[in-house]
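Only one structure is covered here, and it is reproduced in the block below.
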Amino acid sequence: MKNIIGLIQEELSEAFKKAGYNEKYAKATLSNRPDLCQYQCNGALAAAKEYHKAPMQIAEDIVKILKDSSSFKEITAIKPGFINIILDDAFLADFINKMTTSETFGCDKTDSPKTIVIDYGGANVAKPLHVGHLRPAIIGESIKRIARYIGHNVIGDVHLGDWGLPIGLIIIETKRRHPELPYFNESFEGEYPEEAPFTISDLEEIYPYASAYSKEHSEYKEEAQEATAQLQSGRRGYLALWQHIINVSVKDLKRIYTKLNVEFDLWKKESDAQPYIPNMVRDMKEGGYAHIDDGALVVDVKEDTDTKEIPPCMILKSNGATLYNTTDLATIVERRKLFNPSRIIYVVDKRQSLYFEQVFRCAKKTKIIDADTDLIFLGFGTMNGKDGKPFKTRDGGVLRLEVLLKDVEEQVLSKMTERDMDKNEISETALKIALAAIKYGDLSNQASKDYIFDMERFISFEGNTGPYILYTIVRIKSLLAKVQKEGIIINEDMPITPSCSQTETDVMLSLCKWQETVNAAYEELAPHKICQFVYELSDAFNKFYHENRIVNNEDVKRRDSYIKLSRLVGDVLETAVRLLGLEAPERM
Ligand code: ARG
């Protein structure tokens, strides 16, 4: 379905052509003076140069043609050559009615669906999720949902970190504590125990301990590096131990991601890309792309146009060990083989941007990926505390994601008013509100920017917050419940009638932005555009709600129209928040 700007542009185009001007000037935009008009066209100003005419004259020519158009209530030429537009109420209502008949409210599916891999989450096994993992999970999940809504074939992959030094550290620390275990006995040939020698809480204690200890004791660190290398070259006992780490960790990670309402299609790991490394390295050498530099195998990726130094991409260390780079490149090989995606989007901390620049250049140069495959880095900024520094616990430690979520849930509980709920409903509702607070607080900022995690503001039921949006949806749900309870049967064949007040018009104008909002959010990988949309629509609806009698309106025709409009707002809002990864409760 054509969006409203498209429809306005169609009329403008006809008029520009009719008046003898090129239709490329018939561009409509939202008004930047909403107090004066709803939409505007600045084309006359641009056309003036080509036609050597006063812009005002061109604007007047266009207005003369469109003055009687049934689409516009008012179309006026304003000095020095703007065309201001106010839509006809019937035309606007007609558009809104069309939205109600479409399952996606007029937001068409793409006619060229792409296969897109989204690499997000960034979790590592054996380490608990901390607040640093919040942003990639939230942003990636939203981008996935938006792209899927538009009709793309999207594959979300958590790409677990499971192949580096942390595993070596856990191996040697476990060995120190339990040297008798068969994993460390190289002559052991039997079956290893099915049960892991540690629980998730053990791992959460072992890793930070070993990591801190290795920083103080270089021989311990070397031992861990050695264990990592042995794991990577296939030492049987270490592989068995690594498998235990994965099983124990993944189970726990799945539990937390599920709680966050973040769902991956793939639980691939860095180690899954290892089988692709030997051939990839061979091809890079044979293709003449890689060369030895100081013992290491590297690919030069700098370009003449670079303004800053882009170091070579290292493929193998001088001792033959592979690196983070190697794994990421081999993962590209794997993804191409398994899915042949036309885009891969990485949602990763923006401090890794140079790293990904190297990886992408290397992938293109060595032709492990087709030239026309988009490799996109969506780098996000840091979540800061109120002091403007990266969010930490009170004593300066990293804050576990679960602890943060629990904190927010408790704060939300203390603000909830509706108490005739059973225990289950209370906790489910509090979780939904808490997630809305956290996710909306994050997504309403442009992803690349840092932001301040401000708990009080995020959980507020007023203002530009997740809970406020949910509150609006709940308000509409209870309005519709009241309609049912009072036995009101609305005439479904009757369309929504043209607006009769400013607040109603504002609701309609907000709704009209749905299609272009979703498309822009996808094109620009910008969930914050959806946040802006839901906030504006919620605000418009709440003003309309306060100013008008809806369920109890004596004018039955108007009542039905208002109910239908409210229902549409509720449906659109619920769909929109789902694209953000939020869920609305029934009451709150
Ligand atoms: N696990 C990594 C980290 O903790 C993030 C992974 C990002 N994705 C990737 N393909 N490198 O930094």
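Just so it is clear, the structure is predicted and the values come from calculations on it, not from any experiment. Atoms considered below: every heavy atom in the structure, side chains included; atoms not considered: hydrogens, waters and symmetry mates. Counting starts at 1 for both ligands and their atoms, following the listed order.
For the pair E270 and ligand 1, the shortest N or O to N or O distance does not fall below 3.5 Å. For Y346, no nitrogen or oxygen atom sits less than 3.5 Å from a nitrogen or oxygen atom of ligand 1, counting backbone and side chain alike. For the pair Q352 and ligand 1, the shortest N or O to N or O distance falls below 3.5 Å. For G122, a nitrogen or oxygen atom sits less than 3.5 Å from a nitrogen or oxygen atom of ligand 1, counting backbone and side chain alike.
K109 forms a cation-pi arrangement with Y149, by the criterion of a distance under 6.0 Å to the ring centre and an angle within 45° of the ring axis.
Taking 4.0 Å as the cut-off between side-chain N and carboxylate O, E173 and R176 count as a salt-bridged pair. A salt bridge does not link D442 to K439: none of the charged side-chain nitrogens sits closer than 4.0 Å to a carboxylate oxygen. Residues K144 and E141 are paired through a salt bridge, judged by an N-O separation under 4.0 Å between the basic side chain and the carboxylate.
Protein heavy atom nearest atom 5 (C) of ligand 1, with residue, atom name and distance: Y324 OH, 3.5 Å. For atom 4 (O) of ligand 1, the closest heavy atom belonging to the protein is N124 ND2, 3.1 Å.
Note: Y209 and Y213 have parallel aromatic rings, judged against thresholds of 30 and 60 degrees for the angle between ring planes. Ring geometry, W514 versus F533: the interplanar angle falls from 30° to 60°, so the pair is classed tilted.
If you look at F356 next to ligand 1, the close heavy atoms, those under 4.0 Å, all belong to the side chain.
The residue from T331, D328, I344, I332 that puts a heavy atom closest to atom 9 (C) of ligand 1 is D328.
Close contacts of ligand 1 with V348, meaning ligand atoms under 4.0 Å from a residue heavy atom, involve 7 (C), 8 (N). The atoms of ligand 1 that sit less than 4.0 Å from any heavy atom of D119 are 8 (N), 9 (C), 10 (N).
Not a single heavy atom of H133 sits less than 4.0 Å from an atom of ligand 1.
When the options T115, D157, T373 are evaluated for a side-chain hydrogen bond (donor to acceptor under 3.5 Å, both in side chains) with R335, the one that passes is D157. Test R236, R235, H244 against Y183 for side-chain hydrogen bond (donor to acceptor under 3.5 Å, both in side chains) and you get one pass: H244.
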